[in-house]
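Reviewing the structure listed below.
Naming: A, B, ... by sequence-line order, numbering from 1 per chain.
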2 protein chains.
Amino acid sequence: MKKTEQITIHDLARALEIDSSTVSRALNDSPRVSAKTKKRILDKANELGYQRNSLASNLRTNKTNTIGVIVPRISRNFFSNVISGIEETAYQAGYNVVICQSLESLDREKKIMNSLLSNRVDGILISTSMETENMDHLKPYLNNVGPIVFYDRPCDFENCSSISINDYKASFEATEHLIANGCKHIVYFSGPQTVSLYRNRKQGYIDALKKHDIEFNEAYCFESMLSEDNGIESAKKVLKLPVVDGVYSANDTAAIGAMQYFKSKGVKVPDDIAVVGFNNDPISGVIEPSLTTINQPDFEMGKIASSVLLQQIKNKDINRKKQSAVLDIELIKRNSSKKM
Amino acid sequence: MKKTEQITIHDLARALEIDSSTVSRALNDSPRVSAKTKKRILDKANELGYQRNSLASNLRTNKTNTIGVIVPRISRNFFSNVISGIEETAYQAGYNVVICQSLESLDREKKIMNSLLSNRVDGILISTSMETENMDHLKPYLNNVGPIVFYDRPCDFENCSSISINDYKASFEATEHLIANGCKHIVYFSGPQTVSLYRNRKQGYIDALKKHDIEFNEAYCFESMLSEDNGIESAKKVLKLPVVDGVYSANDTAAIGAMQYFKSKGVKVPDDIAVVGFNNDPISGVIEPSLTTINQPDFEMGKIASSVLLQQIKNKDINRKKQSAVLDIELIKRNSSKKM
DNA sequence: CTGTTAGCGCATTCAG
DNA sequence: CTGAATGCGCTAACAG
């Protein structure tokens, strides 16, 4: 199966004895070419198996019709749902989407930015990695190429929009839910405090305790990267604490790890320990139908982020003002605690 | 934040009073330019914030250093692990990866093929959608642009390699495992028989029954797209059957849906019903630590598929012979049945 | 080691 | 409505 020569608009032009510029116009459905010649050209294109070369077209127009999405991990249910939302909106608007995962590594994130930059994607949607503390590696793209919109993990750049959820409120309510069910000794699995989202969630937890006159205890707060393994380690520590009647995890991945460990040790969840976790995984209902989770508007977030970005791409440089959205969450109460 | 002009190699050349071809060579680290001028050029590039335009470069060289990956769903754990394997190998070799999900839709798959074709990616890795019955939409790419390698869902094209797992054997062993644990009435959740992988799995199930003198019963075999909802529907049917002591699902997604339904109806799994499912999700240990699953070599499959493709890209057209690999699986026995 | 020249495939002026 | 001419940014002969 040997590569045949690529057909170009010039080949079509020669075959029809017209000029390539006419072919180009026809292929782009320009109104400035007669229906008759248009049909001739399209037919010939089909006949010869013409395939447009986007590289050339993009180079010429300085536009790729593609947006880049940087995501920490596609395997996390929350993110794969966001991606589906992004794709839906983007495809509808005629844009392609390239998905890149940073795996929470700053180094990978930098390399990805470089690649998206040199490939001149029209805009970027990003949820920065947990290692990312400053945003310098985003500037070359932002200054020279196109807009960047942050989703889930916001950023306070001038001229950059962020779409996030109301983490503070969600966290506050989750904690209050445990308290309402009689929990007083609530362990909290926290994420890196470099990430604003995790700062907000921790604050929500602390403030909810305070409101109900429960003292915040540093020993009940474990900070980690919230991987599944981290969840398992944290669970071990939980079992060594004197009294624990509630666990609240700042994400689902760590919560799942912890559940796994609890089960392996015969700790009944949530009969012995009530658990709440940020969660978008339908699987949670399988793990423990009575587990209380926080339903994040993932798909919707993707759609909004995508449409904000596309808007900014359309508006070119004018009008690229910060227009951040904060989405509300929904606490799915599943009667998690034994005390209900 | 207004877009500044893009710096090109000509700008660098002018600033240094040399020719742009020398700049180009230096930027590509050609040995044919002195270390001194190389440094001058690199310094200037940094100073002016030069950013390579891959579009132009790719157009010129007729090479994109990018491979396309078409995947039915990134949210399925199996596939996201395959992708990680693909990325690891590809990045090491200096290739970029663009991930596209077909969502099991032939229509989307066609559109994706078109986009990858017009963007001239150097090669494609594909697991075709469940709706895909013939491969005509792959031919334009295959004939004119580059190699395609199939993973997980193989294809019998000439000149196309496939990387798959030994589905027949895995399925046979899974069924035997249930039988060994005393199950005689085993429901089977099957996938579309258009997909060879699902044909093989079904055959493994049937042959294992036969070997143990259990009659294959069409009423115990439900065919669906194996979505979570399909799993729930199938589970409903299971509960209406006279005797069932085992369920074997051809994938994990449907198994999870079924488990969910069983739990909601108070059916204890696997105390009442033993379940086996193809599964790569670490979460399975949480759902039901005693669930028996089939451990597919997902990450490894990605690495192999990727390296086979890169090999073919390097070899251009010569030597693109079929070189399919069949990976073996591992049955993770978790004492699933009550009868053990 | 560096410069000259040409062109990848396409889109867009400007003429007619 | 169509054609001629130009160049997007880069690389690759071919000279020197």
> Rounded to whole angstrom units, what separation is found between the CZ atom of Arg40(B) and the C1' atom of dC1(C)?
Replying inline: 14 Å
>> Can you tell me if Ser20(A) touches the phosphate of dC10(C), counting only side-chain N or O atoms and a distance under 4.0 Å to OP1 or OP2?
In response: no
> Considering only heavy atoms, which members of residues 25-33 of chain B lie under 4.0 Å from some atom of DNA chain D?
Replying inline: Arg25(B), Asn28(B), Arg32(B)
> Out of curiosity, Glu47(A) CD to Leu12(A) CG, how far, rounded to the nearest 0.5 Å?
Replying inline: 9.5 Å
> Does Thr89(A) reach the main-chain N or O of Ile86(A) with its side chain, forming a donor-acceptor pair under 3.5 Å?
Replying inline: no
>> I want to confirm an ordering. Mapping Ser21(A) and Ser21(B) to their closest nucleotides on DNA chain C, which one lands closer to the 5' end?
In response: Ser21(B)
>> If you count heavy atoms of other groups shown closer than 6.0 angstrom to NZ of Lys63(B), is the number above 12?
In response: yes
Under 3.5 Å, which protein N or O atoms sit close to an N or O of nucleotides 7-9 of chain C? Give each pair with its distance.
| residue | atom | partner | partner atom | Å |
| --- | --- | --- | --- | --- |
| dG7(C) | N2 | Arg60(B) | NH1 | 2.9 |
| dG9(C) | N2 | Ala56(A) | O | 3.4 |

>> Just the rounded figure in Å: distance from P of dT6(D) to CG of Asp19(A).
In response: 13 Å
> dC10(D) C1' sits how many Å from Lys63(B) NZ, rounded?
Replying inline: 16 Å
> So, Glu104(A) and Arg153(A), do they make that salt bridge, N to O below 4.0 Å?
Replying inline: yes
>> Using the side-chain contact (heavy atoms from CB on, under 4.5 Å) definition, which of the options Val149(A), Asp152(A), Leu309(A) pairs with Ile163(A)?
In response: Val149(A)
> For the pair made of CG in Asp11(B) and P in dG7(D), what is the distance, rounded to whole Å?
Replying inline: 16 Å
>> Both Thr37(B) and Ser24(A) contact DNA chain C. Which one's nearest nucleotide lies toward the 5' end?
In response: Thr37(B)
>> If the threshold is 4.0 Å, N to carboxylate O, is there a salt bridge linking Arg40(B) and Asp43(B)?
In response: no
> Considering residues at least two apart in sequence or located in another chain, which fulfil the side-chain contact (heavy atoms from CB on, under 4.5 Å) criterion with Glu88(A)?
Replying inline: Gln92(A), Phe299(A), Lys303(A)
> Rounded to the Å, how far apart are Leu16(A) CG and dT2(D) P?
Replying inline: 12 Å
>> With a sphere of 6.0 Å drawn around NZ of Lys38(A), does it hold more than 12 non-hydrogen atoms of other residues, nucleotides or ligands?
In response: yes
